[in-house]
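Notes follow the structure.
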Amino acid sequence: MEIQDYILVHGKIINIKNNVDDKYIWFDISKDEYYKDKDGHIKNNPSFFCARISKILSNKYILDTNIEVVVKGIPKGFIDKKGYRQNYIHVTELNGCNLNEDIFEKIIDYDKDDVMLWHGKRCESSTYSDDEINELEELLKEFK
């Protein structure tokens, strides 16, 4: 049985911090949860979640505040400088944000002769030279 160690959180992005470090963008998610108290009055109990997404993955999305999102991610945590436990979600997938179409056009494209381009570079297959083939055969010799 494969263990899936991720959680799903639905809420509204309320804050975005992209200057915390070089690799990640941090954002806060708020989720309103309602319940009835003992007198039958409906009460609001907001929950707050902190999430981080890699800057490379975040380029795929147009992040903005006040939009409803569903975050799929891995629960993580650390002890801060003051000794307090800080929990967050390491985002692996984000739904509800608009996709940044400009990024997709820059990442994957096709040349005039229908050869795929990856970041503007042609993805063409090449054959091995005789020296490379001999070197590979020598490395694999003990496994044959």
Side-chain angles (χ1 to χ4, degrees), residues 1-37 42-144:
M1 179 172 78
E2 183 179 319
I3 297 174
Q4 304 253 337
D5 193 19
Y6 67 86
I7 60 174
L8 291 173
V9 174
H10 173 262
K12 185 183 289 189
I13 296 177
I14 58 171
N15 187 20
I16 300 172
K17 297 170 272 197
N18 61 2
N19 57 357
V20 176
D21 58 48
D22 293 338
K23 293 183 180 181
Y24 299 101
I25 292 177
W26 294 79
F27 58 96
D28 299 322
I29 302 169
S30 173
K31 179 179 181 175
D32 289 328
E33 296 174 352
Y34 297 95
Y35 66 95
K36 285 187 180 180
D37 65 7
I42 295 177
K43 300 285 185 174
N44 180 10
N45 183 26
S47 299
F48 297 95
F49 301 92
C50 185
R52 79 173 190 186
I53 186 169
S54 72
K55 287 190 177 182
I56 294 169
L57 181 59
S58 72
N59 288 334
K60 179 179 174 182
Y61 305 103
I62 299 173
L63 291 176
D64 200 4
T65 56
N66 293 325
I67 57 174
E68 295 281 332
V69 294
V70 176
V71 172
K72 178 180 176 182
I74 303 166
K76 299 262 186 171
F78 64 93
I79 305 296
D80 68 9
K81 293 177 184 176
K82 295 181 181 179
Y84 295 110
R85 177 124 183 113
Q86 301 294 328
N87 296 313
Y88 64 93
I89 301 165
H90 178 77
V91 177
T92 57
E93 193 175 315
L94 188 60
N95 295 311
C97 287
N98 291 327
L99 294 176
N100 189 352
E101 298 296 332
D102 293 340
I103 293 298
F104 287 116
E105 290 173 7
K106 290 178 184 173
I107 293 175
I108 299 175
D109 200 4
Y110 290 90
D111 212 347
K112 293 174 185 173
D113 57 350
D114 290 330
V115 173
M116 183 184 282
L117 300 173
W118 180 259
H119 290 284
K121 295 182 182 175
R122 291 173 62 91
C123 300
E124 297 180 284
S125 61
S126 60
T127 58
Y128 291 109
S129 69
D130 290 338
D131 291 336
E132 290 172 324
I133 291 173
N134 291 336
E135 183 180 342
L136 288 171
E137 286 179 0
E138 188 64 36
L139 290 171
L140 296 173
K141 190 183 227 179
E142 66 184 80
F143 299 107
K144 290 184 178 182

*In Å, rounded to the nearest 0.5 Å, how long is the span from OH of Tyr6 to OG1 of Thr92?*
8.5 Å
*Enter the distance from Ile133:CD1 to Glu135:CD here, rounded to the nearest 0.5 Å.*
11.5 Å
*Are there more than 12 heavy atoms of other residues, nucleotides or ligands under 6.0 Å from atom CG of Leu139?*
yes
*Measure the spacing between CD1 of Ile89 and CD1 of Ile7 and express it to the nearest 0.5 Å.*
4.0 Å
*Under 6.0 Å from the OH atom of Tyr84, do we count more than 12 heavy atoms belonging to anything else shown?*
no
*All side-chain hydrogen bond (donor to acceptor under 3.5 Å, both in side chains) counterparts of Glu33, not counting sequence neighbours*: Ser47
*Could I get the full list of ring pair (Phe, Tyr, Trp, His ring centres under 6.0 Å) partners for Phe49, not counting sequence neighbours?*
none
*When rounded to the nearest 0.5 angstrom, what distance separates CG in Asp80 from CD in Gln86?*
4.5 Å
*asked:* Tell me whether the count of non-hydrogen atoms from other residues, nucleotides or ligands lying under 6.0 Å of CD in Glu68 goes above 12.
replied: yes
*Option passing side-chain contact (heavy atoms from CB on, under 4.5 Å) with Phe27 (candidates Asn18, Thr65, Val91, Asn15)*: Val91
*asked:* Suppose we screen for side-chain hydrogen bond (donor to acceptor under 3.5 Å, both in side chains). Which residues come up paired with Asn44, at least two apart in sequence or across chains?
replied: none
*With sequence neighbours excluded, residues passing side chain to side chain contact (heavy atoms under 4.5 Å, CB included) with Ile79*: Arg85
*Evaluate whether atom CG of Asp32 has more than 12 neighbouring non-hydrogen atoms of other residues, nucleotides or ligands under 6.0 angstrom away.*
yes
*Partner residues of Ile14 under the side chain to side chain contact (heavy atoms under 4.5 Å, CB included) criterion, sequence neighbours left out*: Asp28, Ser30, Phe48
_Let me confirm one number: the CG-NZ distance from Asp21 to Lys55, rounded to the nearest 0.5 Å._
6.5 Å
*If you measure from CG on Leu94 to CD1 on Ile67, what distance do you get to the nearest 0.5 Å?*
7.5 Å
_Tell me the closest heavy-atom pair linking Ser58 and Ile53, and the distance in Å._
CB-CG2, 3.9 Å
*Which atoms form the tightest heavy-atom contact between Ile29 and Val71, and what is the distance?*
CD1-CG2, 3.4 Å
*Taking ring pair (Phe, Tyr, Trp, His ring centres under 6.0 Å) as the test, write out the residues that go with His90, two or more places apart.*
Tyr24
*Which class fits the ring pair Tyr88 and Phe78: parallel under 30°, tilted 30 to 60°, perpendicular over 60°?*
tilted
